[in-house]
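We name chains A, B, ... by the order of the sequence lines, and we start the count at 1 in each one. Source: prediction; values computed, not measured.
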Amino acid sequence: MREALSILASATVLPPSATPSGNYRRRHRHSTTSTTTKPRPNHNPKQKPQFPASSPLLSSSRWANRQTLAYYTKLASKLADDGKFDDFLMIAESVVASGVNMSEFLALLESEHLARGIVRLLCDGKLDSLVATLFNGIQKLGVEPVGLFDEVAIESLKAECRRLLKCGELERLVSLIEIFAGFQFIIKELVEPSEFIKLCITKREPTAAIRYAHIFPHAEVLFCSIILEFGKKRDLGSALKAFEASEKILSSPNMHAYRTIIDVCGLCGDYLKSRTIYEGLLAENITPNIYVFNSLMNVNSHDLSYTLDIYKKMETLGMMSDITSHNILLKSCCLAAKVELAQDTYKQIRKLESKGVLKLDDFTYSTIIKVFADAKMWKHALEIREDMLLSGIIPNTITWSSLISACANAGLVEKAIILFDEMLQADAQPNTQCFNTLLHACVEVCQFDRAFRLFQCWKERGSQQTISGDKLNRAYNEAVDQMSEMGVPLRLCSHLTMRVPYRPTTSTYNIMMKACGTDYYRAKDLIDEMKTFNLTPNHISWSILIDVCGGSGNVLGALQILASMRESGIQPDVIAYTTAIKICVKQKKPKLAFKLFAEMKKYQIKPNMVTYNTILRARSIDGSLLGLQQCLAIYQQMRKAGYKPNDYHLKQLIEDWCEGVLQTERRSERQFASHITDFGRQSLLLEKVAEYLQDSNAESLFIDLRGLTKVEARIVVLAVIRKIKEKYVAGKSIKDDLSIILEQQRHGDRASRDESGVGEAVIRLLKHDLALEVIEAGSRTGSDRDNKGSPTNSSLNFEVDEKGSLAETSESPTRRPIILQRLKVTRKSLHQWLHRKTVSSKR
DNA sequence: ATAGGGTTAG
């Protein structure tokens with residue numbers, strides 16, 4: 001046979017234009033090869049026979065010779081039988097290249113020869129366009145596939161697919177599947193759809209998954225599972241691609257797919273996307289079904305108003321809401337902590353039940369119980385249990401768990417434990433979350449010892465390891481003693497003797513670490529103990545450890561833990577940093593607190609409201625102006641970050657500043673001057689403060705508060721008073737009264753009068769906080785000479801100065817009367833105050 | 001085919 005081939009190779013002559021790299025190959029790449037399939041390199045090109053031009057043997061006319069054709073057909077068959085597929089392919093190539101009708105050649109080959117040849121070549125990775133061409137040729141011939149692929153061929157294909165699946169070679173697997181896509185019976189034998197989809201998901205190939213799923217009947221179900229699986233992997237992008245691909249394949253919009261992608265939006269935390277998808281449906285004039293509506297409500301359940309809107313939309317569409325819709329409404333109320341609305345909703349559902357429209361289920365009861373549990377309304381929660389029992393619904397683990405947390409959240413540890421006991425007696429299986437709730441309840445009321453006893457008891461009774469009877473009894477006796485001390489009857493202690501499997505989780509350990517109070521070593525031991533249950537500390541564990549360590553007074557230790565956290569591969573988050581900052585502030589280490597604050601920003605961790613409020617508590621702990629200035633800068637950042645500063649902390653900040661005004665010694669002057677320029681540019685407030693504190697402005701006793709909020713105004717006023725005090729202490733006397741300009745107010749527009757409250761706040765500050773004498777005055781400018789609507793305090797001795805700030809106001813294009821309200825603190829009053837303070841601080 | 005419970009910083 002080799003000889004025959006070599007004769008063929010040497011004797012054949014073909015024009016160069018007809019070489020195998022010609023049209024067949026190229027055309028084929030565009031038609032059958034999938035996008036995920038890169039064309040495979042051909043088998044070694046060196047082995048390819050070179051066909052010389054104008055071969056007499058292979059010319060079309062000669063091929064017409066049936067005898068010759070039959071000979072090569074036979075030769076090819078033999079090669080396939082012998083497993084010499086490369087050579088087989090070579091024959092086929094020359095047949096194809098010669099431009100002879102291939103159908104005739106293929107028809108003459110016995111089908112199993114061909115099939116095995118093709119399958120073998122495919123399995124060897126020779127997903128060559130010629131192989132595909134041959135294969136296509138068979139399909140076009142209409143050869144019966146059942147007859148074409150015998151068991152041996154299919155078996156080898158299956159083996160190859162299994163191998164590819166195992167090795168995760170999705171690309172080649174897809175190529176093979178693409179080729180056999182026309183033969184459904186083969187495809188179904190090749191790969192288990194769930195296995196294939198699993199591989200597509202790990203490889204993030206949503207379109208491949210959908211294309212494969214499409215081969216099967218009931219493809220929609222497979223599409224949905226693909227979308228959902230991507231969602232579970234938090235890969236919304238791929239899920240959306242899969243969804244869009246399924247949309248293209250399916251002729252009509254599939255509600256199941258829609259609800260699935262909406263659920264996935266929720267899973268991935270992109271609830272806005274779920275709204276877009278829903279709006280897309282409406283835009284297409286398609287009415288979603290109940291599942292789509294319920295899923296949409298559920299995904300958006302943290303937004304009560306949106307959920308209610310969707311519910312109303314369902315009503316206007318005349319869609320019958322079911323118990324799930326109502327349960328989700330309840331859940332939404334629960335998340336929004338709207339107890340009354342939840343109660344109304346519950347009553348509404350009960351009414352519908354009495355009409356026979358719906359039947360309340362375990363979800364309904366558990367959810368309303370949770371509403372009351374969260375609101376610490378434990379009695380109401382227990383009442384719901386009565387409703388539930390009357391309606392014949394048996395409480396399940398979740399219901400019991402919610403009931404227990406109702407008592408736990410209200411701080412009723414005894415009641416919670418008794419409920420837990422009832423749960424055991426009712427043969428409900430408690431799970432770790434129930435145990436955790438109880439432990440947490442103990443921790444919340446600082447019964448740390450009790451938490452440890454329960455934990456120990458459950459661990460010993462519930463672990464698979466054999467515990468010595470002594471140890472077990474000791475734990476039991478101790479726990480019973482404690483219960484009886486608390487007045488709990490022994491019959492209610494079955495939770496101590498139960499033998500349910502107990503597996504603590506990381507949460508359990510986190511709760512127990514909180515029960516360590518400030519005993520750092522005990523907490524550290526717990527972290528080590530976690531390993532015996534194959535648990536690893538999470539962000540929360542580390543944060544608690546920082547808190548415990550810092551709470552014991554060991555600030556540096558706490559900072560060290562923060563570093564270890566990073567070293568152990570868990571990047572400290574905003575909470576870990578905030579906890580560490582809290583420790584520094586508590587232990588009066590403001591510098592460390594500010595250092596951590598700078599560090600977290602270096603790591604691109606955005607401070608949140610809690611962080612800002614915590615760091616602001618570091619204000620002026622050392623009484624230095626620097627600390628105060630840092631706090632002011634942080635306050636400013638907080639506003640820039642979009643957080644509304646907490647008035648309470650702000651008030652504290654300003655009070656501290658006042659304190660500074662009263663107590664600052666000469667030494668502050670230098671510090672003060674060096675920091676003015678730093679924050680001069682940061683904001684309007686800081687600019688103002690800086691402006692008035694500049695030495696060039698030293699002689700001016702004038703404050704323009706226009707454009708400032710009342711809080712900012714207070715800060716500016718205090719800054720100026722501080723300056724006055726600094727100057728006074730330095731030996732410079734006050735040369736003039738202090739003038740303050742307040743916001744412009746349009747004459748007659750009562751509604752806008754001191755809307756910002758600046759005037760009131762400043763007057764209160766000066767008069768009340770600083771005990772200064774304040775003269776209030778108003779002035780009219782513009783053309784209006786009418787005396788109507790004169791300022792509130794016109795009687796006082798205020799004079800309009802013609803230059804300075806008033807020049808600015810006359811720039812205003814309006815000719816309407818404008819009233820500038822002014823305040824004045826007399827030189828005399830300031831002097832008295834300074835004298836008073838200087839004397840008192842010397843004492 | 002839908003939903004529910006426990007743990008961290010002020």
**Prompt:** Can you list the residues that meet the salt bridge (Lys or Arg N to Asp or Glu O under 4.0 Å) rule with A:E244, with sequence neighbours excluded?
**Reply:** none
**Complete:** Rounded to whole Å, CG of A:L330 lies from C1' of B:dT2 at a distance of 16 Å
**Message:** Distance check needed: B:dA1 P versus A:L222 CG, whole Å only.
**Reply:** 13 Å
**Derivation of the side-chain hydrogen bond (donor to acceptor under 3.5 Å, both in side chains) call for A:N298 and A:S295** = CA-CA 5 Å; A:N298 186 46; A:S295 282; over 6 Å; no
**Prompt:** B:dA1 P sits how many Å from A:I261 CD1, rounded?
**Reply:** 19 Å
**Request:** Measure the CD1-CG distance between A:I544 and A:N510 for me, rounded to the nearest 0.5 Å.
**Result:** 4.5 Å
**Asked** Does a salt bridge link A:E315 with A:K312, judged by any charged N lying under 4.0 Å from a carboxylate O?
**Response** no
**Message:** At under 4.0 Å between heavy atoms, how does the protein contact nucleotides 3-9 of chain B? Give one character per nucleotide, 5' to 3', with B, S or -.
**Reply:** BBBBBBB
**Whole-Å distance separating the OH atom of A:Y278 from the P atom of B:dT2** = 22 Å
**Item:** Electrostatic pair A:K370-A:D374, nearest N-O below 4.0 angstrom
**Value:** yes
**Request:** Determine, for A:D303 against A:R275, whether the closest basic-nitrogen to carboxylate-oxygen distance falls under 4.0 angstrom.
**Result:** yes
